[in-house]
Amino acid sequence: EEQVVALLRENLELNVEAMQAKKVVVKRLMWGDGLDVGTKPFDLVIGAEVMQSEDTDGALLRTMRRVLKPSGLALLFASPRAGSLDAFSMAACSVFDRVETTRDWDKDAEKAF
């Protein structure tokens, strides 16, 4: 996973001038109850293929709730394996006021940015 983080940092450096945000941070986020409580809340959290199983959904959702600002946005991209995306979306409804799932993510992700 360190290779992915390094690639993201490199991509950020290449595109930083095109971003409107004052501060953009790339860091690996380990979810679960042991998360550093000193982490400042984020406006945006982006994840891809982070929904591994229903056993880890709760820890991921609690971590997202903890690291996002109240007005923050989480964009998660995943393939709908054996109903896991639907199960995750249902679990997310108990943690977040608004949960949207789409199968047309290219267009919807573009709107979010």
Side-chain angles (χ1 to χ4, degrees):
E1 288 115 10
E2 286 302 319
Q3 293 172 333
V4 173
V5 173
L7 185 60
L8 287 171
R9 284 190 180 117
E10 187 177 316
N11 193 331
L12 173 62
E13 289 175 21
L14 293 170
N15 294 288
V16 71
E17 291 183 22
M19 296 182 187
Q20 296 177 0
K22 294 177 186 172
K23 182 178 180 184
V24 178
V25 177
V26 173
K27 63 192 299 187
R28 183 176 180 204
L29 175 63
M30 298 297 292
W31 63 82
D33 296 326
L35 183 69
D36 177 16
V37 292
T39 301
K40 292 183 180 180
F42 294 94
D43 295 310
L44 175 66
V45 172
I46 301 173
E49 298 300 333
V50 294
M51 293 163 260
Q52 299 169 355
S53 72
E54 288 184 44
D55 296 338
T56 59
D57 287 353
L60 174 57
L61 289 165
R62 286 189 303 276
T63 300
M64 286 192 315
R65 168 54 56 213
R66 193 166 41 241
V67 301
L68 281 171
K69 289 182 178 179
S71 61
L73 174 67
L75 289 177
L76 302 177
F77 300 90
S79 52
R81 290 182 221 129
S84 61
L85 180 58
D86 294 330
F88 182 84
S89 296
M90 290 188 64
C93 288
S94 67
V95 177
F96 294 98
D97 295 332
R98 183 173 160 209
V99 175
E100 294 181 26
T101 304
T102 182
R103 303 285 191 244
D104 190 13
W105 60 269
D106 284 337
K107 181 174 53 174
D108 290 334
E110 186 176 312
K111 282 193 304 188
F113 290 110

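Just the heavy atoms: all of them, side chains too, but no hydrogens, waters or symmetry mates, feed the values below. Along the sequence shown, the residues carry numbers beginning at 1.
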Here the pair of heavy atoms bringing Ser89 nearest to Thr101 is OG-OG1, 2.7 Å
Phe42 vs Lys69 side-chain heavy atoms within contact, under 4.5 Å: no
Flag side-chain contact, heavy atom, 4.5 Å: Val99 against Met90: no
Please find the pair of heavy atoms, one from Leu73 and one from Leu68, that lie closest to each other, and give the distance. O-CD2, 3.6 Å
Mind checking the CD-CD spacing from Glu10 to Glu13? Nearest 0.5 Å is all I need. 7.5 Å
Write down the atom of Val26, the atom of Val5, and the distance for their closest heavy-atom approach. CG1-O, 3.9 Å
Within-4.5 Å side-chain heavy-atom neighbours: Val45 and Leu75: no
On a heavy-atom basis, the closest approach of Leu76 and Met64 is CD1-SD, 3.6 Å
Would you check if the side chain of Asn11 reaches a backbone N or O of Leu7 as a donor-acceptor pair within less than 3.5 Å? no
Say you draw a straight line from CG of Asp55 to CG of Leu60; how long is it, rounded to the nearest 0.5 Å? 13.0 Å
